[in-house]
Amino acid sequence: MKRFLSYLNDFFCLFFPELCAACGRNLFRNEKIICTNCIYHLPRTNFHIDTQNKMARQLWGRFNFEQAIAFVYFQKGNRVQNLMHQLKYNKKPEVGIRIGELYAWQLIRSEGWVNPDLIIPIPLHPVRLKKRGYNQSEEISKGLASVLKLPVSTQHLIRTENTESQTKKSRFARYENLKDAFIIKNATELIQKHIILVDDVMTTGATVEACSNELLKIEGLKISICTLAYAE
């Protein structure tokens, strides 16, 4: 029966091939979402083994955090941009899950990695969530959680303001646009916890700063920042 299903799947793939989300080439049988070649050539940052990495330095002095890490570098025209486009604009949440899994495997294999207590994705406003159908940061969090064996919470950090686009704003303007956009619910459940705050791409860091400033009002809370990509 298994052999028959395998043949049936191969026949189906002749007419409806699964394509790599990064390069668009056909996936082989044992590949999932992203082909082996693209996984191998992803521009990894290795920020998790350098506490003084570029991303961490960019956030120094803005709020207290334990660690700031990103999986890959984001540059126009590279594989990562293709993946982000598929994730955010082409209705492919599975891309976020897959990249989250890949990053999590890299983290747990690194010396000194200690799991936090909880993963919290940067929330979308309900209007934007309804339009997109899912929160890309939550999908990345699901991938991380499946490997790290951690819970994901979407009930503690809530976005209350549907802010305008951040794309062409300065760091200060972005922060001003976001500083009152988030609230915390059930804060007592996070007392003395260490959380990973997850976002898709970090550019100026205004979004993680606005969220962190709210979360850090909680007694004894520790925050680490984790993004899929870092835009230099």
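Residue indices begin at 1 and follow the sequence shown. Quick note: numbers below take in every heavy atom, side chains included, and nothing from hydrogens, waters or symmetry partners.
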Quick note, ring-ring contact (aromatic ring centres under 6.0 Å, His included) partners involving residues 178-212, not counting sequence neighbours, are none

Do [X] and [Y] come close enough that some side-chain heavy atom pair is under 4.5 Å?
X: Lys54; Y: Phe47; answer: yes
X: Ile99; Y: Val72; answer: no
X: Lys193; Y: Leu118; answer: no
X: Glu189; Y: Gln155; answer: no
X: Leu87; Y: Leu228; answer: yes
X: Leu190; Y: Leu215; answer: yes
X: Leu83; Y: Ile34; answer: yes
X: Thr227; Y: Met55; answer: yes

Determine the minimum heavy-atom distance between [X] and [Y], stating which atoms define it.
X: Thr203; Y: Ala231; result: CG2-CB, 3.7 Å
X: Leu197; Y: Ile223; result: CB-CG2, 4.4 Å
X: Cys20; Y: Cys35; result: SG-N, 3.3 Å
X: Val95; Y: Gln86; result: CG2-CB, 4.1 Å
X: Ala68; Y: Ala56; result: CB-CA, 3.9 Å
X: Ala229; Y: Val80; result: CB-CG1, 4.0 Å

How about [X]: does its [atom1] atom have over 12 heavy atoms from other parts shown lying under 6.0 Å from it?
X: Gln192; atom1: CD; result: yes
X: Trp113; atom1: CH2; result: yes
X: Lys88; atom1: NZ; result: yes
X: Arg44; atom1: CZ; result: yes
X: Asn64; atom1: CG; result: no

Measure the spacing between [atom1] of [X] and [atom2] of [Y] and express it to the nearest 0.5 Å.
X: Gln67; Y: Lys222; atom1: CD; atom2: NZ; result: 12.5 Å
X: Gln136; Y: Met84; atom1: CD; atom2: CE; result: 6.5 Å
X: His85; Y: Lys92; atom1: NE2; atom2: NZ; result: 10.0 Å
X: Lys142; Y: Glu101; atom1: NZ; atom2: CD; result: 12.0 Å
X: Ser212; Y: Ile122; atom1: OG; atom2: CD1; result: 7.0 Å
X: Ile140; Y: Glu138; atom1: CD1; atom2: CD; result: 11.0 Å

CA sep, side-chain torsions, deciding dist, call: Ile108, Lys149, side-chain contact (heavy atoms from CB on, under 4.5 Å):
CA-CA 11 Å; Ile108 63 174; Lys149 308 302 181 186; over 6 Å; no

Hphob cluster co-occupancy, [X] + [Y], side-chain heavy atoms under 4.5 angstrom:
X: Leu221; Y: Phe65; result: yes
X: Leu19; Y: Phe28; result: no
X: Val198; Y: Ile158; result: no
X: Leu216; Y: Ile119; result: yes
X: Tyr134; Y: Ile97; result: no

Test side-chain contact (heavy atoms from CB on, under 4.5 Å) on Ile184 and Lys217; report intermediate values, then the result.
CA-CA 9 Å; Ile184 309 300; Lys217 295 175 182 177; over 6 Å; no

Discussion item. For Glu66 and Ser224, which I'm curious about, is there any donor-acceptor pair between the side chains at under 3.5 Å?
Written reply: no

query = Do the side-chain N and O atoms of Asp199 and Ser137 include a donor-acceptor pair separated by under 3.5 angstrom?
reply = yes

Taking [Y]'s backbone N and O only, do any of them form a donor-acceptor pair with [X]'s side chain (distance below 3.5 Å, no angle check)?
X: Arg159; Y: Leu124; result: no
X: Asn213; Y: Phe63; result: no
X: Lys91; Y: Arg132; result: yes
X: Glu219; Y: Ile191; result: no

Is there a side-chain contact (heavy atoms from CB on, under 4.5 Å) between Gln106 and Leu102? Walk through the geometry before answering. CA-CA 7 Å; Gln106 183 172 317; Leu102 292 172; over 6 Å; no

What residue among Ile225, Leu107, Thr45 forms side chain to side chain contact (heavy atoms under 4.5 Å, CB included) with Ile69?
->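 Between Ile69 and the candidates, side chain to side chain contact (heavy atoms under 4.5 Å, CB included) is satisfied uniquely by Leu107.
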
Exactly one candidate in Tyr73, Phe71, Tyr103 meets side chain to side chain contact (heavy atoms under 4.5 Å, CB included) with Leu42; the answer is Phe71

- Task: In sequence, state the C-alpha distance, the side-chain angles, and the governing distance for Leu144 and Cys226, and then conclude on side-chain contact (heavy atoms from CB on, under 4.5 Å).
- Result: CA-CA 10 Å; Leu144 289 165; Cys226 177; 4.1 Å; yes

